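Per chain, numbering begins at 1; letters A, B, ... match sequence-line order. Basis for what follows: all heavy atoms, side chains included, without hydrogens, waters or symmetry-related copies. Because the structure is predicted, anything quoted here is derived from the model rather than measured.
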Protein chains: 2
Amino acid sequence: MTISRKAEYALRAVVILAAAAPDRPMQIHDLAESGKIPAKFLEQILLTLKRGGLLRSKRGVGGGYHLEKPARQITVGDIVALIDGGLCHLAAHGQDSGTAEFPGARGLRDSLTEIDELVNEKLASLTIEEILNRDEPDAMLAFGI
Amino acid sequence: MTISRKAEYALRAVVILAAAAPDRPMQIHDLAESGKIPAKFLEQILLTLKRGGLLRSKRGVGGGYHLEKPARQITVGDIVALIDGGLCHLAAHGQDSGTAEFPGARGLRDSLTEIDELVNEKLASLTIEEILNRDEPDAMLAFGI
DNA sequence: GTCTTTCCCGACCGAAATAGTCGGGAATAT
DNA sequence: ATATTCCCGACTATTTCGGTCGGGAAAGAC
């Protein structure tokens, strides 16, 4: 029913990276500290995000992670899909769930699917950039925009 | 991330009961068969729904379950809340999750909470009656309404 | 009464998912 | 060389999920 803790850690990490200087990579250690995320666990997560094409990494001294693409092109949906494997499903417990046929069965399936789609659309349209802008509503004003 | 199977069983059961004759109670056994739900598991579920005030039961010969109130006054949200204990939460992993403070933390929380609320509103406004009507879109026409 | 039907209800249980940890290896820079 | 940093598979502990089991208690039927 909930987004996994792992996915939430992933979101935190990406948000932090998006807020940081885009040229300087940030190390797992620092990221873990800022986000209060177990470092070794975060390692796994970042790797997944990297494999998913959201992050880029660099090894050795001065290495670390940074975003692969601009924050406006990364959505919460992307991240959750990578980490939790697929998006939210209220309906669809797969194979047999559709098998049961009783009066109202179709209506039930359809109704849940509809809500499903709503959530997934929302997650897919919510970008990291929006989240950041939301955090400091007057940030843009401060920059005279 | 998903609605639990238990909650889906509960939904099926209530939908079936709503579609059945409102005066004659229906037994666990029959309900289990119609909904393809493990009988003993269903027993647990129905009991919870009863304690939650959604169903009423009668023991002995000719006993069974029926709705406590009309289908239009029972929502999917009611059922999910009773069975899964609380509604959907994308955000809010409770105690410590709010503790982490980094740039974007608030925006992240707020964004997730907003989607949360959207889903919960949807679930809370979707009634069993609507589900049933949806199943047979022309049922009302058939009755000359 | 007593017998049958039906719900009531707590305890238990195996499998899977969750939430990590561990220990080393491979690049990269100094 | 050697320190730093990511890479990566294997392992583990805990919790949740999805049930099962076995008896008890009420309400009629006879």
Side-chain angles (χ1 to χ4, degrees), chain A residues 1-13 17 24-33 35-52 54-68 80 82-86 88-89 93-97 100, chain B residues 1-13 17 24-33 35-52 54-68 80 83-86 89 93-97 100:
Chain A
M1 199 165 74
T2 331
I3 211 179
S4 74
R5 193 173 281 261
K6 194 171 176 179
E8 207 196 299
Y9 287 157
L11 285 170
R12 280 190 214 175
L17 284 174
R24 270 184 219 301
M26 195 168 174
Q27 290 107 0
I28 293 176
H29 176 78
D30 297 342
L31 214 37
E33 200 161 312
K36 298 204 179 171
I37 306 169
K40 276 304 228 177
F41 196 30
L42 178 59
E43 210 176 305
Q44 269 185 32
I45 293 167
L46 293 174
L47 212 41
T48 304
L49 294 176
K50 182 199 166 167
R51 290 191 184 121
L54 300 186
L55 301 182
R56 178 178 291 276
S57 64
K58 205 187 165 195
R59 294 198 250 201
V61 178
Y65 283 93
H66 57 101
L67 299 188
E68 168 81 39
V80 173
L82 275 174
I83 299 298
D84 287 350
C88 281
H89 291 295
H93 272 128
Q95 58 282 42
D96 58 314
S97 60
Chain B
M1 197 165 74
T2 329
I3 210 178
S4 75
R5 193 173 280 261
K6 195 170 177 182
E8 205 195 303
Y9 288 157
L11 285 170
R12 281 191 211 173
L17 284 174
R24 269 184 219 300
M26 196 170 175
Q27 290 104 359
I28 293 176
H29 176 78
D30 299 341
L31 214 38
E33 201 162 310
K36 299 205 178 171
I37 307 169
K40 276 304 230 177
F41 196 30
L42 178 60
E43 210 176 305
Q44 270 185 32
I45 294 167
L46 292 175
L47 211 42
T48 305
L49 294 177
K50 182 200 164 166
R51 291 191 183 120
L54 301 185
L55 302 182
R56 178 177 291 274
S57 65
K58 206 188 163 195
R59 296 197 248 201
V61 179
Y65 282 93
H66 58 101
L67 300 188
E68 169 80 36
V80 173
I83 300 298
D84 287 350
H89 291 295
H93 270 127
Q95 58 283 43
D96 58 313
S97 61

Length of the CD1-P vector between A/Ile28 and C/dG20, whole Å: 16 Å
Rounded distance in Å - CZ (A/Phe41) to P (D/dA13): 17 Å
B/Leu46 CG - C/dC9 P separation (whole Å): 13 Å
Distance in angstrom units between B/Leu49 CG and C/dC7 P, rounded: 14 Å
Nucleotide nearest B/Tyr65 (side chain, heavy atoms from C-beta), chosen from C/dC9, C/dC8, D/dT4: C/dC8
Side-chain N,O (B/Arg56) to OP1/OP2 (C/dC7) below 4.0 Å: no
Atom pair distance, as rounded to whole Å: CD1 in B/Ile45 and C1' in D/dG19: 10 Å
Nearest-Å distance for atom pair CG/C1', residues A/Leu47 and C/dA27: 14 Å
Donor-acceptor pair (no angle test) under 3.5 Å: B/Glu43 side chain, C/dC7 base: no
Pairing of B/Glu43 and B/Lys40 as salt bridge, 4.0 angstrom limit: yes
Spacing between B/Lys36 atom NZ and D/dG19 atom P, to the nearest angstrom: 14 Å
C/dT6 phosphate, OP1 or OP2, under 4.0 Å from B/Ser57 side-chain N/O: no
N/O (side chain, B/Lys40) to phosphate O (OP1/OP2, D/dC21) under 4.0 Å: no
Nearest heavy-atom neighbours spanning B/Tyr9 and B/Lys36: CE2-O, 4.2 Å
B/Lys58 side-chain N/O to D/dG28 phosphate OP1/OP2 under 4.0 Å: yes
Toward the 5' end of DNA chain D, by each residue's nearest nucleotide, A/Arg59 or B/Arg59: A/Arg59
Phosphate-side-chain proximity, B/Lys50 and C/dC7, N/O vs OP1/OP2 below 4.0 Å: no
Under 3.5 Å donor-acceptor pair, B/Gln44 side-chain atoms to C/dC9 base atoms: no
Phosphate-side-chain proximity, B/Tyr9 and D/dG18, N/O vs OP1/OP2 below 4.0 Å: no
Spacing of CG belonging to B/Leu31 relative to CG belonging to B/Leu17, to within rounding of 0.5 Å: 4.5 Å
Closest non-hydrogen atom pair, B/Ala39 against B/Ala32: CA-CB, 3.9 Å
A/Ile3 CD1 to C/dA17 C1', straight-line distance once rounded to whole Å: 16 Å
B/Lys6 versus B/Ile83, closest heavy-atom pair with distance: CG-CG2, 3.6 Å
